[in-house]
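Notes follow once the structure below has been shown.
Sequence positions, counted from 1, serve as the residue numbers for this chain. The figures that follow rest on heavy atoms only: side chains count, while hydrogens, waters and symmetry mates do not.
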Amino acid sequence: MSLLTISLPQEIYELFIDALGNSAKDDKRSGRALFQCSRVCRAFWLRSRRHILLALLDLNPSEFSETPAPPVITLIQSFSIRATVETFNQLVFTRVLERFSEAWVLHTLNLQSRHHVIWSDINEDTRKLLQNLCQSSHLKTISVDEFVDLVPDIFDGAKIKHLILHSVPIEDATPLAALRLPPQLEALDIDNSFPILQARSSVSQPAGALPLSHLKKLVTSREIWIPHAP
């Protein structure tokens, strides 16, 4: 007895998976079903992965400490998070960064602070992992937004090509071009609060060398972002 195989248009599968994805945030059973769908076949996997990754990028900070860093996170190529210092200091965020470092897939990282996170308040392990990510060859773009007393050393030896930097640096911060190993940036989006170049009299580069010589695009904001007083 031969089995009858019914082939439906891809759009029909996607309607069912989208329905699961839309309810997965509030219904744990739908969430489990969505993960099972991702294991059925390629037609299911592609659409299911879209919802799974969106769920990972939309984690509730209050639930972040209870959420493990799942294996699927190694598939993420672009990751954005807007969080308080408490979230940045939770162990699971460190585990997520470790997964990114191991997977060699992530190419875009967007970090935005809530309530003006002071950079030194983020634990040392997390800051070190972020610096290691910047030095990796797979991360091409990083955005660091609304942090206070940011230390430029995170970009020392970085291999990133595009930097978006709208944060307040520490006092007497080393200019980007004066770091020991300045990043070979091709695009820089920055506000006027962060120093880029060093005074000519103190530049120690060889004669004829240009700072940030690979730079092709520079966007600067005349407005200086200043954190509001609590």
### Working for side-chain contact (heavy atoms from CB on, under 4.5 Å), residues T87 and T84
CA-CA 5 Å; T87 300; T84 62; 3.7 Å; yes

### Message
If you compare all heavy atoms of Q90 against all heavy atoms of E86, which two are closest, and at what distance to 0.1 Å?
### Response
CG-O, 3.1 Å

### Query
What residue pairs, at least two apart or across chains, pass salt bridge (charged side-chain N to carboxylate O under 4.0 Å, His left out) with a residue in residues 120-144?
none

### Message
I'd like to check L97 versus N132 (side-chain heavy atoms, cut-off strictly below 4.5 Å). Are they in contact?
### Response
no

### Task
Take T126 and F93 through the test side-chain contact (heavy atoms from CB on, under 4.5 Å) and record every step on the way to the result.
CA-CA 8 Å; T126 299; F93 183 66; 3.8 Å; yes

### Task
Using only heavy-atom distances, determine whether the side chains of D189 and H166 contain a donor-acceptor pair under 3.5 Å.
yes

### Message
Using only atom types and a distance under 3.5 Å, with no angle test, would you say the side chain of Q184 pairs donor to acceptor with the backbone of H214?
### Response
no

### Query
Stepwise, does the side-chain contact (heavy atoms from CB on, under 4.5 Å) test hold for F16 with L20?
CA-CA 6 Å; F16 286 105; L20 283 175; over 6 Å; no

### Message
Rounded at 0.5 Å granularity, tell me how far CZ in F155 sits from CZ in F194.
### Response
6.0 Å

### Query
Can you check whether D191's main-chain N or O pairs, donor with acceptor, with T220's side chain at less than 3.5 Å?
no

### Query
If you group Ile, Leu, Val, Met, Phe, Trp and Tyr by side-chain heavy-atom gaps below 4.5 Å, do L139 and W104 land in one group?
no

### Summary
Shortest non-hydrogen pair, F100 vs H138, comes out as O-CE1, 3.6 Å

### Query
When rounded to the nearest 0.5 angstrom, what distance separates CZ in R114 from CD in E146?
11.0 Å

### Query
Would you call L133 and I142 a side-chain contact if the rule is heavy atoms closer than 4.5 Å?
no

### Query
Out of curiosity, S78 OG to H107 NE2, how far, rounded to the nearest 0.5 Å?
6.0 Å

### Task
Any chance you could measure I160, atom CD1, to T108, atom OG1, to the nearest 0.5 Å?
11.0 Å

### Query
Heavy-atom distance under 4.5 Å between the side chains of P183 and L163, does that happen here?
no

#### Entry: Exam field: side chain S80 to backbone N110, donor-acceptor pair closer than 3.5 Å
no

### Summary
Hits for side-chain hydrogen bond (donor to acceptor under 3.5 Å, both in side chains) against E98, two or more places apart or cross-chain, chain-then-number order -> R95

### Task
Locate the shortest heavy-atom distance separating P195 from A173; write the atom from each residue and the value.
CG-O, 3.7 Å

### Query
Any link between L179 and L215 through a network of hydrophobic side chains (Ile, Leu, Val, Met, Phe, Trp, Tyr) touching at under 4.5 Å?
yes

### Query
Do the side chains of V105 and V96 join up, straight or via other hydrophobic residues, at under 4.5 Å, putting them in one cluster?
no

### Query
Just how far is it from atom CG of D145 to atom OG of S167, taken to the nearest 0.5 Å?
6.0 Å

### Query
Does Q135 reach the main-chain N or O of D156 with its side chain, forming a donor-acceptor pair under 3.5 Å?
yes

#### Entry: In one Ile/Leu/Val/Met/Phe/Trp/Tyr side-chain cluster, 4.5 Å: I81, L150
yes

#### Entry: Identified side-chain contact (heavy atoms from CB on, under 4.5 Å) counterpart of W119 within the set V168, V148, I170, I154
I154

### Message
To the closest 0.5 Å, what do you measure between CZ (R99) and CG (L129)?
### Response
13.5 Å

### Task
Please check if the side chain of N89 supplies one atom and the backbone of N123 the other of a donor-acceptor pair under 3.5 Å.
yes

### Query
Should I122 and L165 be regarded as members of a common hydrophobic cluster, given that ILVMFWY residues are connected when their side-chain heavy atoms come within less than 4.5 Å of each other, either directly or indirectly?
yes

